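A short worksheet on the structure shown next.
As the structure is a computational prediction, the values presented were derived from the model and not from experiment. We count residues from 1, following the sequence as given.
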Amino acid sequence: MKILIRNLARSTTEEEIKLLFGAHGTVKTCDLVLDKQTSESKGFAFVEMPNIKEAKTAIKTLNGKNVARKIIRVKQTKH
């Protein structure tokens with residue numbers, strides 16, 4: 001399942017996202033979206049978790065969680 005994470009702090013790293021979601025199961029991929037000119041985070045990322053049950057648990061647990069003083073929004077992507 002592909003998951004969208006929004007409202008991330010600009011300082012949040014891909015490794016931190018992997019650890020956050022990895023606590024709920026296997027993370028296949030993690031893509032932090034970066035600005036092409038500045039290489040800084042745009043504040044959102046995509047995580048892919050192959051196990052549907054683990055992915056749903058991660059979404060339920062992490063949506064609305066305070067990470068680096070930002071309330072993140074987590075949901076399944078449309079595709």
Within this structure, what is the [atom1]-[atom2] distance for the pair [X] and [Y], rounded to the nearest 0.5 Å?
X: C30; Y: K18; atom1: SG; atom2: NZ; value: 6.0 Å
X: T57; Y: N51; atom1: OG1; atom2: CG; value: 8.5 Å
X: T61; Y: E54; atom1: OG1; atom2: CD; value: 11.5 Å
X: R10; Y: K70; atom1: CZ; atom2: NZ; value: 7.0 Å
X: F46; Y: D31; atom1: CZ; atom2: CG; value: 8.5 Å

Connected to I59, directly or through other members, by ILVMFWY side-chain contacts below 4.5 Å are M1, I3, I5, L8, I17, L20, F21, V27, L32, L34, V47, M49, I52, L62, V67, I72, V74

The remaining residues in the hydrophobic cluster of L19, counting side-chain heavy-atom contacts under 4.5 Å among Ile, Leu, Val, Met, Phe, Trp and Tyr, are none

Sorted by chain and number, sequence neighbours left out, side-chain contact (heavy atoms from CB on, under 4.5 Å) with K60 holds for none

Residues forming a side-chain contact (heavy atoms from CB on, under 4.5 Å) with S11, sequence neighbours excluded =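 S11 satisfies side-chain contact (heavy atoms from CB on, under 4.5 Å) with A9 once adjacent residues are dropped.
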
Checklist entry - Taking the side chain from N7 and the backbone from I71, do they hold a donor-acceptor pair closer than 3.5 Å? => result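 Such a contact is found between N7 side chain and I71 backbone.
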
> Would you say E16's side chain and T13's backbone share a donor-acceptor pair under 3.5 angstrom?
Replying inline: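 Yes, because the side chain of E16 sits within donor-acceptor range (under 3.5 Å) of the backbone of T13.
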
So side chain to side chain donor-acceptor pair (under 3.5 Å) across residues 32-45, not counting sequence neighbours, yields D35-T38

